Amino acid sequence: MRFGALVLASVATIAAAAPTNNVFNNVYDYNSNLEEFYCKVSSYIEQFAGDVASATCDMSNVALPAAASVLPSPTGTLKYVAIGRGTQNYTCADSTEDTVPVQIGAVANLYDASCIAANFSDLLDLLTEIVIDFALPNSSVQTPLAPANIDLLGHHYFSNSTTPTFNLNTTPEKQYGIAMASKKDAIDAPYGSIVGQNNEGYGATTWLYLTTIAGTVGDYKEVYRVNTAGGNAPTNCSGQASTIEIQYSAQYYFYV
Ligand SMILES: *[C@@H]1O[C@H](CO)[C@@H](O)[C@H](O)[C@H]1NC(C)=O
Ligand SMILES: *[C@@H]1O[C@H](CO)[C@@H](O)[C@H](O)[C@H]1NC(C)=O
Ligand SMILES: *[C@@H]1O[C@H](CO)[C@@H](O)[C@H](O)[C@H]1NC(C)=O
Ligand SMILES: *[C@@H]1O[C@H](CO)[C@@H](O)[C@H](O)[C@H]1NC(C)=O
Ligand SMILES: *[C@@H]1O[C@H](CO)[C@@H](O)[C@H](O)[C@H]1NC(C)=O
């Protein structure tokens, strides 16, 4: 999306004062994170008022967060930064304390935060932490991600148990390719990461380094998952159902 759209959408939201319940789904309390978000947006509006139409999305200065430096460095050129919002899915063979949840995949909507990353990295990080507290987006609609009105870029799911897939073909006009990937490296999320909705849960899922495999459509080389919030399963299956869906948000960096 373009900066202008972000500003206008946000101004509209501020003007409407209290965002509606169907957006928040009764999950989000207006808290300090959201207040900080609106304060930053307001200051950007003041700073760039009148010049928003000329804002571009030059990704050349966008870098992975510093804590990702222990993962292999990207060899490609950064093409997109997306905010992912969905669930990490697990199964439990039984509901006892002796059984450990096993990951079976993830399902998430990906939203194009490239322009926000290019110019407002503080806003990007704040948004990633905020959106886990908003209602889980419906995967079959094009609705932008609240509260910043970020456009849908694609869908993340597993093609099979070992193949995380990022399908960036959403409409006949938006055919941005399909990255099929393989996990090459992982690190724990940094201490202090958001552990779940309302910062309650089982922890932030790992940061990942993925490389693409045969079947990829487009020039995608590498995908990183960083700045994760939530997504971790409980340490054991005590009292759990046979399938568990754990809410998460994260940033995905796509290199070509
Ligand atoms: C994972 O959870 C999502 C809900 O986020 C659900 O739609 C999907 O079917 C689940 N996928 C698997 C493989 O369990
Ligand atoms: C956006 O970032 C680019 C570099 O990526 C910079 O040249 C430009 O001045 C920035 N624009 C705004 C509005 O911050
Ligand atoms: C998601 O959107 C589709 C298409 O609009 C609709 O049929 C479905 O009921 C929605 N699902 C949820 C959980 O809202
Ligand atoms: C999963 O899909 C990948 C890519 O198509 C393939 O190489 C791999 O053998 C598949 N693995 C399983 C367990 O089916
Ligand atoms: C099993 O999980 C429950 C709930 O998450 C937790 O309270 C308990 O301490 C765990 N037990 C062990 C042995 O880790």
Side-chain angles (χ1 to χ4, degrees), residues 19-28 82-111 128-147 149-174 178-183 186 188-189 193-206 208 210 213 215 223 225 228-252:
T20 56
N21 246 351
N22 62 340
V23 170
F24 290 106
N25 201 20
N26 295 322
V27 174
Y28 208 98
I83 293 178
R85 176 70 180 94
T87 65
Q88 297 283 320
N89 295 3
Y90 303 84
T91 55
C92 273
D94 57 43
S95 50
T96 70
E97 203 174 55
D98 299 330
T99 305
V100 173
V102 174
Q103 176 138 33
I104 51 164
V107 178
N109 282 8
L110 303 168
Y111 296 91
T128 310
E129 294 184 353
I130 287 174
V131 296
I132 190 174
D133 290 338
F134 280 65
L136 195 63
N138 186 328
S139 64
S140 46
V141 298
Q142 295 281 323
T143 316
L145 182 67
N149 216 26
I150 310 177
D151 287 340
L152 187 71
L153 177 68
H155 295 97
H156 171 45
Y157 50 86
F158 274 62
S159 302
N160 66 26
S161 59
T162 57
T163 310
T165 299
F166 303 87
N167 188 335
L168 308 188
N169 298 332
T170 49
T171 67
E173 298 77 36
K174 293 181 175 176
I178 303 171
M180 295 182 71
S182 161
K183 181 163 96 175
D188 286 343
S193 298
I194 300 288
V195 300
Q197 284 195 314
N198 298 314
N199 209 11
E200 289 164 13
Y202 304 105
T205 190
T206 49
L208 298 178
L210 313 168
I213 61 173
V223 182
R225 180 179 76 189
T228 50
N232 270 1
T235 53
N236 67 72
C237 290
S238 172
Q240 299 295 330
S242 58
T243 64
I244 318 176
E245 295 169 2
I246 307 285
Q247 305 235 0
Y248 86 109
S249 64
Q251 290 165 11
Y252 291 92

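Reckoned from all heavy atoms, side chains included, excluding hydrogens, waters and symmetry mates. Numbering of ligands and ligand atoms starts at 1, following listing order. Numbers here are sequence positions counted from 1. Only a predicted model underlies this, so the values are computations on that prediction, with no experimental measurement involved.
The backbone N or O of Gln251 lies less than 3.5 Å from no partner atom in the side chain of Arg225, so there is not a single donor-acceptor pair. Proximity of a side-chain donor or acceptor of Asn167 to a complementary backbone N or O of Gly154 within less than 3.5 Å is not detected. Counting only distance, with no hydrogens or angles, the side chain of Arg85 and the backbone of Ala108 share no donor-acceptor pair below 3.5 Å.
Numbered from 1 in the order shown, with element, the atoms of ligand 5 that lie under 4.0 Å from a heavy atom of Asn236 read 1 (C), 2 (O), 3 (C), 8 (C), 10 (C), 11 (N), 12 (C), 14 (O). Of all the atoms in ligand 3, the ones that sit under 4.0 Å from a non-hydrogen atom of Ser140 are 1 (C), 2 (O), 3 (C), 4 (C). Using a 4.0 Å cut-off to heavy atoms of Val141, the atoms of ligand 3 that qualify are 2 (O), 5 (O).
An N or O contact shorter than 3.5 Å links Glu97 to ligand 5 by distance.
Taking the six-membered ring for Trp and thresholds of 30 and 60 degrees, Phe158 and His156 have ring planes inclined between 30 and 60 degrees apart.
Shown here is Asp94, whose CG atom has more than 12 heavy atoms of other residues, nucleotides or ligands within 6.0 Å.
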What does the N/O contact table under 3.5 Å look like for ligand 1?
from: ligand 1; atom 1: 2 (O); to: Thr87; atom 2: OG1; distance (Å): 3.3
from: ligand 1; atom 1: 2 (O); to: Asn89; atom 2: OD1; distance (Å): 3.0
from: ligand 1; atom 1: 2 (O); to: Asn89; atom 2: ND2; distance (Å): 2.5
from: ligand 1; atom 1: 2 (O); to: Glu245; atom 2: OE2; distance (Å): 3.2
from: ligand 1; atom 1: 5 (O); to: Thr87; atom 2: OG1; distance (Å): 2.6
from: ligand 1; atom 1: 11 (N); to: Asn89; atom 2: ND2; distance (Å): 2.7
from: ligand 1; atom 1: 14 (O); to: Asn89; atom 2: ND2; distance (Å): 3.0

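Considering only heavy atoms from C-beta on, Val100 stays 4.5 Å or farther from Thr235 through its side chain.
For the side chain to side chain contact (heavy atoms under 4.5 Å, CB included) criterion with Pro144, the lone passing option out of Asp151, Leu152, Ile150 is Asp151.
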- Just do the side chain to side chain contact (heavy atoms under 4.5 Å, CB included) check on Leu136 and Gln247 with the steps written out, would you? CA-CA 8 Å; Leu136 195 63; Gln247 305 235 0; 3.7 Å; yes
